[in-house]
Each structure stands twice: as structure tokens, then as C-alpha cells.
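One structure is given here, and the rest of the page talks about it.
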Amino acid sequence: MSQLKYKRVLLKLSGEALMGQQQYGIDPHRIAQYAQEIKKAIDKGIEIAIVIGGGNIYRGLQASETGIDRVQGDYMGMMATVINGMALQDVLENHGMVTRLMSAIEMKQICEPYIRRKAVRHLEKNRIVIFAAGTGNPYFTTDTAATLRAIEVEADVILKGTRVDGVYSADPEKDKNATRYERISFEEVYNRGLSVMDMTAFTLCKENNLPLIIFDMNQEGNLLKVLKGDSIGTLVNN
Ligand code: GTP
């Protein structure tokens, strides 16, 4: 435990990443791979809360294109995160971890309602807490939900697991001279117009002094490396 840099973390997983090679839904290999990564961290005594997106099932922003009202679409997106949360809970438990699924929108038959103090107790007992249904409000992303919950449960850091391995000076797919930042300040991210999270989430992080690490979650061993403080991905802080 002593060699790890963090004690309590909030892991943000994108819904899209769960698709793996598929066009839609949940790739069983990908979710199992995530479970193995998370198990390595839990076995080291790290307290982990997870917020998962829903983009592999439904994206709120899509809604307007299909003629569905934006707010209605956002709620549909929140439901998608509950489905992902249920899947993740099941897979994590099959891998021997203890979990609690909490939802920002009450649906008692399938998950606990989100109660901050209860969430903190679960974490103290080394249970993985999965926060589903975003913030429970339309117009907020799951990145914002992740930031809000991280602040509420006093996580040391947000770990944003993505397909890219950090923040680059330019789009690495378009500009071969793009370089990855090992560390960058919130201010610099803003001044350079780099995108790491939407502005609401970004501002919440900055104002509450909550560091953020963007890293490639699909690379085996990376989660543990990040927890050890290795220079994986990009650290954004004040
Ligand atoms: P403590 O005993 O306080 O440490 O926590 P606990 O979560 O083990 O206690 P509790 O008796 O609250 O929960 C036992 C099981 O019931 C856990 O798997 C919870 O996730 C589940 N549970 C608790 N409250 C709810 C709820 O409102 N809805 C659903 N669906 N499950 C719940």
C-alpha cells in the first residue's frame, strides 16, 4: 500500500470504450479486461469509486437528431449508464470483488439510492462503489458526474480511462509532431484550447483543486502504474 500514490480514486470509464471492437453494446472481453485491471488495484488496498458513461448504448446528444427532446434524451442516456453499471457490477463480482451500485435516480429494486455518507462508508470498507445515472439531471455529462462524485467522496484524483494515452499538443492522428504532456495545468489546458473534459467538469475540477489523470485504460497494467505515480498519460492539476 505504501508505494502507491493515491488512497481513494474515482475511475471514469467511457461507455464507448466498453464496445471494444463492436459497434454497439458491451464487449465481454473488454469488460472482463477492465475487471482484471481493477482487481489489481483493489488487491493493493486502493479505494475505488467508478462512474461509467452510457455512449455505447445511447447518447443524449443523438436524441435531437432523431427528433427526441434533448431532456428526454439525456434521461435515456442516464438509463444507459445504469445498464452499464449493472453489467460492470456483475462482472466485477464474478472476479471476486465486492461492489455497491448507487444511482442518482431512484430505482430501489436494482440499485441503492445515492447517499453520500453511505457511499463513503462503502469505500472505507473497500467496496467498489459504482455511481450510475450521472448526476440525475439533464444537461450534465458523465464527466461532470464523475467530478462531482469525486469531490463529494473526497477522492484524491480522477482517473479518466480513455482510448488515448493522454493530452497532446495537437490531434496526434492529424499532426505527427503532436507531443504528449506528462503534466499540464488547468490554466494551460484552457489557454491552449485543449479538450480534456467539458467545461462544467473542467471548472469543477479546477476550482476544487482535484487533479485529473487522462490515461489509456486499454493497456494492460496501466491502471496500477497510474496509481503508483508512474508517468503514464497526462496529469492535469493546478
Ligand atoms: P453496511 O452493512 O452498512 O456496511 O452496508 P451494506 O451495504 O452491506 O448493508 P445493507 O444491508 O444496506 O445492504 C445489503 C445489500 O443490499 C447490499 O448488496 C446492498 O447493495 C443492497 N441494498 C441496500 N440498499 C438497497 C436498495 O435501496 N436497493 C437495492 N436494490 N439494494 C440495496
Side-chain angles (χ1 to χ4, degrees), residues 1 4 6-15 17-18 25-28 30-58 60 71-138 140-159 161 217 223 227:
M1 182 65 231
L4 297 180
Y6 305 103
K7 169 78 182 146
R8 179 177 296 166
V9 302
L10 191 137
L11 177 64
K12 164 73 206 303
L13 297 174
S14 92
L18 280 191
I26 299 167
D27 175 353
R30 174 57 55 79
I31 200 166
Q33 179 202 339
Y34 282 180
Q36 285 156 11
E37 291 290 297
I38 293 164
K39 179 86 166 64
K40 289 179 205 159
I42 278 290
D43 287 346
K44 294 273 182 199
I46 289 273
E47 296 175 11
I48 303 182
I50 301 176
V51 167
I52 188 153
N56 55 323
I57 298 170
Y58 194 81
V71 172
Q72 187 83 341
D74 279 353
Y75 279 114
M76 291 165 72
M78 289 178 238
M79 295 298 109
T81 71
V82 178
I83 293 174
N84 282 338
M86 291 171 73
L88 189 62
Q89 174 172 47
D90 196 64
V91 175
L92 292 178
E93 298 212 327
N94 288 339
H95 281 77
M97 288 166 268
V98 182
T99 69
R100 294 291 184 266
L101 176 63
M102 298 188 129
S103 171
I105 297 174
E106 233 182 88
M107 39 187 107
K108 277 200 200 127
Q109 286 76 3
I110 49 179
C111 39
E112 298 179 35
Y114 171 68
I115 297 165
R116 187 186 74 87
R117 294 173 66 100
K118 190 104 179 129
V120 170
R121 284 298 289 140
H122 288 323
L123 289 170
E124 285 168 353
K125 291 176 184 173
N126 287 99
R127 296 162 179 162
I128 298 173
V129 181
I130 305 166
F131 295 122
T135 66
N137 297 292
F140 292 99
T141 62
T142 45
D143 275 355
T144 299
T147 312
L148 177 65
R149 295 294 184 245
I151 295 164
E152 287 186 276
V153 302
E154 298 179 351
D156 305 320
V157 64
I158 295 193
L159 308 176
M217 177 74 187
L223 178 61
L227 295 169

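Both ligands and their constituent atoms are indexed starting at 1 by order of listing.
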Under 4.0 Å from [atom], is there any protein heavy atom?
atom	result
atom 3 (O) of ligand 1	yes
atom 18 (O) of ligand 1	yes
atom 7 (O) of ligand 1	yes
atom 14 (C) of ligand 1	no
atom 28 (N) of ligand 1	yes

Leu227 vs Lys44 side-chain heavy atoms within contact, under 4.5 Å:
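No, every pair of side-chain atoms sits at 4.5 Å or beyond.
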
May I ask you to check whether Met107 has an N/O atom sitting below 3.5 Å from an N/O atom of ligand 1?
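By distance alone, the answer is no.
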
Mode of Arg100 contact toward ligand 1 - side chain, backbone, both, neither (heavy atoms, under 4.0 Å):
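Side chain only; the backbone of Arg100 stays clear of ligand 1.
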
With a heavy-atom distance limit of 4.0 Å, tell me whether Arg121 approaches ligand 1 through its side chain, its backbone, both, or neither.
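For Arg121, there is no contact with ligand 1 at all, from either part.
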
Closest non-hydrogen atom pair, [X] against [Y]:
X	Y	result
Ile42	Asn126	CD1-O, 4.4 Å
His122	Val129	CB-CG2, 3.5 Å
Lys7	Gly45	NZ-O, 3.6 Å
Leu101	Cys111	O-CB, 3.3 Å
Ala32	His95	O-NE2, 3.9 Å
Thr81	Gly53	CG2-C, 3.6 Å

Which ligand 1 atoms, with their elements, are less than 4.0 angstrom from a heavy-atom of [X]?
X	answer
Lys125	1 (P), 3 (O), 4 (O)
Ile110	30 (N)
Arg127	1 (P), 4 (O), 5 (O), 6 (P), 7 (O), 8 (O)
Pro113	27 (O)
Cys111	26 (C), 28 (N), 29 (C), 30 (N)
Gln109	30 (N)

Residues Met102, Arg116; criterion side chain to side chain contact (heavy atoms under 4.5 Å, CB included); working and verdict
CA-CA 10 Å; Met102 298 188 129; Arg116 187 186 74 87; over 6 Å; no

Between the candidates Glu93, Glu112, Glu124, which shows the shortest non-hydrogen contact distance to atom 25 (C) of ligand 1?
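Nearest heavy atom to atom 25 (C) of ligand 1 lies in Glu112.
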
Top protein contact for atom 10 (P) of ligand 1, by heavy-atom distance
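Protein heavy atom with the smallest distance to atom 10 (P) of ligand 1: Lys118 NZ, 4.6 Å.
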
Which residue holds the protein heavy atom closest to atom 30 (N) of ligand 1, what is that atom called, and what is the gap in Å?
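The protein heavy atom lying closest is Lys108 O, 2.5 Å.
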
Residues Thr144 and Thr141: side-chain donor-acceptor under 3.5 angstrom:
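Thr144 vs Thr141: donor-acceptor pair found between side chains.
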
Salt bridge (charged side-chain N to carboxylate O under 4.0 Å, His left out), that's the test. Do Glu112 and Arg100 meet it? Break it down for me.
CA-CA 8 Å; Glu112 298 179 35; Arg100 294 291 184 266; 3.8 Å; yes

Can Tyr58 and Met79 be said to form a side chain to side chain contact (heavy atoms under 4.5 Å, CB included), step by step?
CA-CA 9 Å; Tyr58 194 81; Met79 295 298 109; over 6 Å; no

